[in-house]
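Written below as structure tokens is the structure these notes are about.
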Protein chains: 2
Amino acid sequence: MIISKSCIYAIQAAIYVAAESKQGYVPINIIAERLNISFHFLTKVLQDFTHSGLMISYRGPRGGVALAKPADEITLHDLVEAIDGTDIFTECMLGLPGCGTAEPCPTHEHWVEVRQRFTTLSQQLTLKDMAAKASLMHVRLANGVKHHTQMA
Amino acid sequence: MIISKSCIYAIQAAIYVAAESKQGYVPINIIAERLNISFHFLTKVLQDFTHSGLMISYRGPRGGVALAKPADEITLHDLVEAIDGTDIFTECMLGLPGCGTAEPCPTHEHWVEVRQRFTTLSQQLTLKDMAAKASLMHVRLANGVKHHTQMA
DNA sequence: CAAAAATCAGATAAAAGATTCTTAATACGC
DNA sequence: GCGTATTAAGAATCTTTTATCTGATTTTTG
């Protein structure tokens, strides 16, 4: 898997929050329930978002988490970086420290192209885009879960 | 990391064997020593290559492993597939089973492009190419290891 | 003060990575 | 031929990381 499970959950949660952002703070237990994720696990993961300034949280009744910025100012790259770090965007395919044009590994040239394309695309794809797609029918948000903004 | 550590070791070993292929079977302990990898760990990893028909092995004195096919008929894709499987080439970024054009996840379109590019490039990059690069000065094969075909 | 919510601390489970020991096959010297 | 050294294969254990779960604590509303 290209990204960790924590990161997958975090991305799904961020999309959910973005889609619900009109309603102020979204409680984590609601997110966890809708996405079939363990509540406490999601709690820990989302703290990385608050620590990195992508989300804000509020305790107590009517509390929860919310985006700290407009959804079109948060990219997939931001989300991945906050949870898994930047390794995936910069690392050598063979994990060699210092691999670069000066001292390339045998896969360097090819891998750099893929890595670069991934970086660019993930910087272009915003949370707003993803939330919009998730709100459409037949676009899946989580395992077995289709997102509908107007839910009973 | 995009591929497992086992896979990294396996790729490095395959490149080493390809570069030494003139000398018949290459003993695994020599490979492990030259690449700073645990011998027994490498043994287990390379068995996946023999099981999948990419390498052949021979026991006893003057034994070791060797490529089962010419190095230009083995691609990076083959190597990765033999160790880590095909998931990386086919999996959804969010790990959703069945994600595709019919039922895409919010990242599907973008991710498919990266995945496809990676697949294509890894199918084009052959072991012969990589071994040739590894034999050049300043091209690194493993951590702190530069490959030289004519070694003392 | 009570209920709702995030936060914090810790234990448990599962997977990946790495090590150690034993066994089986083979060539080569005698 | 026979025994020994060499080499891959196999089994079992240990460590580390990742993933998951459980319980207690703090903040905040009403």
Side-chain angles (χ1 to χ4, degrees), chain A residues 1-13 17 20 23-52 54-68 80 83-85 87-88 94-95 142-143, chain B residues 1-13 17 20 23-52 54-68 80 83-85 87-88 94-95 142-143:
Chain A
M1 219 170 309
I2 179 91
I3 55 176
S4 69
K5 234 137 181 249
S6 298
C7 195
I8 289 176
Y9 293 156
I11 292 170
Q12 292 175 347
V17 170
E20 305 283 309
Q23 7 236 100
Y25 291 101
V26 183
I28 299 180
N29 61 344
I30 301 294
I31 307 174
E33 190 182 302
R34 292 282 290 111
L35 301 179
N36 286 316
I37 308 173
S38 147
F39 164 70
H40 281 91
F41 191 58
L42 186 56
T43 282
K44 205 168 53 178
V45 169
L46 290 185
Q47 277 175 37
D48 287 341
F49 280 160
T50 62
H51 292 156
S52 60
L54 293 176
M55 285 189 177
I56 49 180
S57 64
Y58 211 80
R59 290 183 178 182
R62 308 197 54 81
V65 293
L67 301 181
V80 173
I83 307 295
D84 280 355
D87 280 3
I88 195 182
L94 299 184
N143 206 346
Chain B
M1 218 170 306
I2 179 90
I3 55 178
S4 70
K5 236 144 179 238
S6 299
C7 194
I8 288 176
Y9 294 155
I11 292 170
Q12 292 175 348
V17 170
E20 306 282 310
Q23 6 237 101
Y25 291 100
V26 183
I28 298 181
N29 61 344
I30 302 294
I31 307 174
E33 191 182 303
R34 294 282 291 110
L35 300 179
N36 286 315
I37 307 173
S38 149
F39 163 69
H40 282 92
F41 192 57
L42 186 57
T43 283
K44 203 169 52 175
V45 169
L46 290 185
Q47 277 175 36
D48 287 341
F49 280 159
T50 62
H51 291 156
S52 60
L54 292 176
M55 285 189 175
I56 50 181
S57 64
Y58 210 81
R59 292 183 178 182
R62 307 199 55 83
V65 293
L67 301 182
V80 173
I83 307 295
D84 280 356
D87 279 4
I88 195 181
L94 300 184
N143 206 346

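Since the structure is predicted, the reported quantities are computational estimates derived from the model, not experimental observations.
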A:L42 CG to C:dA6 P, in whole Å, measures 9 Å
side-chain contact (heavy atoms from CB on, under 4.5 Å) filter on A:E33, not counting sequence neighbours, yields none
Taken to the nearest whole Å, CG/A:L46 to P/C:dA6 is 9 Å
Just the atom pairs and distances: protein N or O near nucleotides 10-17 of chain C's N or O, under 3.5 Å.
residue	atom	partner	partner atom	Å
C:dG17	OP1	B:K5	N	3.0

B:N29 CG to D:dA8 C1', in whole Å, measures 10 Å
Residue set satisfying ring pair (Phe, Tyr, Trp, His ring centres under 6.0 Å) with A:F39, at least two apart, ordered chain then number -> none
_I want to check something: taking the side chain as every heavy atom from C-beta on, are A:I31 and A:V65 in contact at a cut-off of under 4.5 Å?_
yes
| Just wondering, do B:F41 and B:S6 contact through their side chains at under 4.5 Å, heavy atoms? | yes
Hits for side-chain hydrogen bond (donor to acceptor under 3.5 Å, both in side chains) against B:D48, two or more places apart or cross-chain, chain-then-number order -> none
So CD1 of B:I88 and CD1 of B:I83: to nearest 0.5 Å the spacing works out to 13.0 Å
note: B:H40, atom NE2; D:dC14, atom C1'; distance rounded to Å ~ 15 Å
Sorted by chain and residue number, the side-chain contact (heavy atoms from CB on, under 4.5 Å) partners of B:Y58 (sequence neighbours excluded) come out as B:Y25
Within the structure, does a side-chain N or O atom of B:S57 lie under 4.0 Å from either OP1 or OP2 of D:dA8? no
A:M55 CE to C:dT7 P, in whole Å, measures 11 Å
B:Q47 atom CD is separated from D:dA11 atom C1', nearest whole Å, by 11 Å
ask   = Is the shortest heavy-atom distance from the side chain of A:V45 to the side chain of A:I37 under 4.5 Å?
value = no
Whole-Å distance, B:I31 CD1 to D:dA9 P, equals 11 Å
- When we call it a touch if two heavy atoms are under 4.0 Å apart, what does A:T43 touch: a base, just sugar-phosphate, or nothing? base
Taken to the nearest whole Å, CD/B:E33 to P/D:dA8 is 13 Å
Do the non-hydrogen side-chain atoms of A:I30 and A:E20 ever get within less than 4.5 Å of each other?
no
Could you run down the sub-3.5 Å N/O contacts of the protein with nucleotides 28-30 of chain D?
residue	atom	partner	partner atom	Å
D:dT29	OP1	A:Y58	OH	3.2

